[in-house]
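Take a look at the structure set out below.
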Amino acid sequence: MSDKKQFKSESKRLLDLMINSIYTHKEIFLRELISNASDASDKMYYKALKDNIQGFSREDMDIRIDTDKEKRTITIEDHGIGMNEAELDEHLGTIANSGSNEFKQAIEDGKSDVDIIGQFGVGFYSAFMVADKVEVFSKKYGDDQAYVWVSDTSDGYEILPSSLDHHGTKIVLHLKPNTDDENYDQYLDQYEIERLVKKYSDYIHYPIKMDMTVSKKKEDSDEYEDVTETKTLNSMVPLWKRNKKDITEEEYNDFYKSKFNDFENPQRVMHNRVEGAVTYDSLLFIPSKVPMNYFSSDYERGLQLYSRGVFIMDKAKDLVPEHYRFVRGLVDSQDLNLNISREMLQNDRSMKLIADRIEKRITKELTDMLKNDREGYKKFWKNFGIQLKFGIYNSYGMLKDKLQDLLMFYSAKEKDYITLAEYVDKMPADQKEIYFASGETVEKIDLLPQVETVKDKGYDILYLTQDVDEFCLQMMRDYKEKPFKNVSQGDLNIESEEEKKELEQESTDNKSLLETIKDALGDKVVDVKLTSRLKSHPVCLSSSEGVSFEMEKVLNAMPNAEAQQVKAGRILEINPKHELFNALKSVYEKNPDQVKDYASILFDEALLIEGFPVEDPVEFSNKITSLMISASK
Ligand SMILES: Nc1ncnc2c1ncn2[C@@H]1O[C@H](COP(=O)(O)OP(=O)(O)OP(=O)(O)O)[C@@H](O)[C@H]1O
């Protein structure tokens, strides 16, 4: 007898969770086990086709379910690829499914089982929600020896030599005793099993068979008798091969949730049959929330690929472009060769055609949503909009034409998200540029001194709050020939000729004051000047052309940025219409040296407003303190 082996620690925790589960949808265990049986059958069928092994048909590769009321067991048996001793150990002793860090993290964080089961799907281990002992008999295709994996607690499992008269796997679940809250016996009822198969596994393309006892009228008599018939419980038509008209929303939702381990219904479903230069069925989904691991390296983009209903591969990444990486789904095409490898996919002509159509299909869906379901689109945008912006940035603007009309930004005027087309449509005749301002949050941007004058002119401003935003706009340069303009950068050119002249005059009159301030600040600034950018605020910082303040912050926060810090050129701008300017002038007249302290305080103030730290907070507060003291004298 072999020694008892221990589960890996995360697996043990997951198992404990399953064993003590209060999850209300325990019935999903059957779906999970059937799905594994179907995957194993796919692998076998694919191998047979690829290696030209005769004698395999899907009809013969049935998945059988048996229940035994006396022993209180449910058996699920497949004719799939099977597992050898090492595979039983490896696959069932560790969390194979969704072995992502988030998954482990969720367990570590003590998330409730509802969260974990719902969000990740728990695969094989879900058997332990209904069973207190599980036996997995398996014989790998091509091997002579079968093995059984047995576990009855989360303590560990054993693997022993055993026998099975065919390749594949037979799983025997020994149901838990019934409790006041849970009647496990329900799963021994043939009609309940039939219902569950129809509900969750109808599209599985292998026959799921069960012996059912039915009452039949005896021949030549009015009496009835119980007879046992083997019944195929599922229709076997993959959902994506069925006519759209006959599929209910619930069916799509259930399919999506079980296939892609999601907890929520998809936001959008795209189901299409395409015929012509290339023929395929596609079933695509836009999730209604961001997957837990979406921003981690575990997340792989791609669609499942089938050829005539035969599963070829998961996550075929060439089928969806990176900017639509959030789309999940599958493609089934008769034009693809079963032997196609990942490397070949890239250059396959049919694949390219399919990928091209799929991209167009997704663009169409998003465009429709934007037009006809604004709230829905806003929700989508919150979840995945960043991807589209990255698409433009990463392609150096090459995707601009494709994606620009799907972009949304927060509008200062509308106090809501708007498209660029909507912005441009509402631009007053004299407005030449599309204004934007960047910051951490909409609220913080709204407080920036630089936005006041632009808003006062009646111009709208787009508030950019995501790191990628400015980089995306920089790549785009303009929209419909209207250039993007950062309100904190360069000259705004929104003043009238008269105002311009006035400003020039003021600047000339106060040349030496401005120079003194500039000298006092040294290399902290590239310039000090009077501005018409400000209204009620005394000072602000603007950046010279090139890198903006937000870009500086983003670039310097990147990994390994320390070695090469980026710095936007700082220009201290002073509002000549503000009381403070008069104060500066009179201090300068009385004591030019004191202006240096004023300069340093003003510069630090401007830094704080921009969201930068002041270089020497102690000096800053000392200077304010002495100023307050001298003001009281
Ligand atoms: N009936 C089976 N035949 C052959 N191998 C199986 C069978 N059931 C499970 N396995 C193996 O055990 C592994 C773990 O199964 P589990 O259901 O926990 O996760 P998964 O199926 O890989 O992931 P997911 O549930 O996310 O699809 C599978 O990947 C597969 O290799």
Side-chain angles (χ1 to χ4, degrees), residues 25 27-28 30-32 34-35 37-39 41-42 58 63 118 121 191 193-208 231-276 278-289 291 302-312 314 316 319-320 324 326-336 354 357-369 372-373 376-377 379-380:
H25 295 87
E27 61 186 33
I28 58 135
L30 191 63
R31 167 189 91 188
E32 298 288 316
I34 291 175
S35 155
S38 167
D39 289 349
S41 306
D42 276 346
R58 281 212 194 138
I63 297 169
Y191 295 109
I193 296 284
E194 186 180 27
R195 183 185 74 83
L196 293 179
V197 170
K198 281 205 161 32
K199 179 171 176 191
Y200 292 115
S201 312
D202 193 53
Y203 59 86
I204 294 285
H205 44 231
Y206 299 94
I208 302 172
K231 220 177 144 184
T232 299
L233 308 178
N234 56 331
S235 74
M236 281 191 283
V237 182
L239 188 74
W240 60 91
K241 288 277 185 199
R242 281 169 51 195
N243 199 325
K244 255 166 132 160
K245 289 202 296 276
D246 305 330
I247 307 176
T248 62
E249 198 180 323
E250 199 188 351
E251 281 178 297
Y252 279 128
N253 289 346
D254 283 342
F255 177 83
Y256 166 77
K257 285 189 281 193
S258 68
K259 194 138 188 110
F260 300 102
N261 284 336
D262 202 346
F263 179 34
E264 276 177 44
N265 295 333
Q267 194 184 355
R268 284 277 171 152
V269 181
M270 297 162 260
H271 184 186
N272 291 90
R273 164 152 309 153
V274 175
E275 281 167 15
V278 63
T279 301
Y280 66 88
D281 296 283
S282 64
L283 182 52
L284 311 173
F285 302 93
I286 299 179
S288 51
K289 67 168 179 25
L303 304 179
Q304 290 190 344
L305 191 60
Y306 290 77
S307 171
R308 295 171 200 270
V310 181
F311 175 79
I312 303 186
D314 206 3
L319 283 171
V320 262
Y324 292 152
F326 48 84
V327 172
R328 287 166 154 171
L330 56 90
V331 170
D332 188 346
S333 172
Q334 61 195 40
D335 298 334
L336 292 173
I354 297 174
R357 300 253 160 101
I358 283 184
E359 182 182 356
K360 291 202 173 92
R361 179 66 188 83
I362 301 168
T363 306
K364 178 179 171 296
E365 188 71 16
L366 295 176
T367 311
D368 283 356
M369 199 189 336
N372 305 315
D373 174 16
Y377 193 80
K379 176 176 160 184
F380 156 77

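Counting begins at 1 with the first residue of the sequence.
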If I compare all heavy atoms of [X] with all of [Y], which pair ends up nearest, and what's the gap?
X	Y	result
I208	I204	CD1-CB, 4.1 Å
Y324	T363	OH-OG1, 2.8 Å
W240	H271	O-NE2, 3.0 Å
R328	F260	NH1-O, 3.8 Å
V269	E365	O-OE2, 4.2 Å
Y206	M236	C-SD, 3.5 Å

Check each of D202, I63, I34 against N234 using the side-chain contact (heavy atoms from CB on, under 4.5 Å) test, and report the only one that passes. D202
Across all chains, not counting sequence neighbours, the salt bridge (charged side-chain N to carboxylate O under 4.0 Å, His left out) partners of D281 are K241, R273
Listed by chain and number, what are the salt bridge (charged side-chain N to carboxylate O under 4.0 Å, His left out) partners of D335, not counting sequence neighbours? none
Show, in sequence, the C-alpha distance, side-chain angles and deciding distance for K259 and L330, and conclude whether the side-chain contact (heavy atoms from CB on, under 4.5 Å) test is met. CA-CA 10 Å; K259 194 138 188 110; L330 56 90; 4.0 Å; yes
Check against side chain to side chain donor-acceptor pair (under 3.5 Å), R242 and Y203: CA-CA 10 Å; R242 281 169 51 195; Y203 59 86; over 6 Å; no
Is it true that D373 and R268 have a side-chain N and a carboxylate O under 4.0 angstrom from each other? yes
Measuring from atom [atom1] of [X] to atom [atom2] of [Y], what distance do you get when rounded to the nearest 0.5 angstrom?
X	Y	atom1	atom2	result
Y280	I358	OH	CD1	5.0 Å
R195	E27	CZ	CD	5.0 Å
Y256	D262	OH	CG	3.5 Å
D368	Y377	CG	OH	11.5 Å
I362	R357	CD1	CZ	14.0 Å
L283	Y252	CG	OH	6.5 Å

Could you tell me whether a side-chain N or O of [X] sits under 3.5 Å from a main-chain N or O of [Y], the two making a donor and an acceptor?
X	Y	result
K244	N272	no
S333	T279	yes
T232	P207	no

Just do the ring pair (Phe, Tyr, Trp, His ring centres under 6.0 Å) check on F380 and F326 with the steps written out, would you? CA-CA 10 Å; F380 156 77; F326 48 84; 5.3 Å; yes
Before you tell me yes or no, could you show the steps for I286 and L366 under side-chain contact (heavy atoms from CB on, under 4.5 Å), namely the whole-Å CA-CA distance, both residues' side-chain angles and the distance that decides it to 0.1 Å? CA-CA 10 Å; I286 299 179; L366 295 176; 3.8 Å; yes
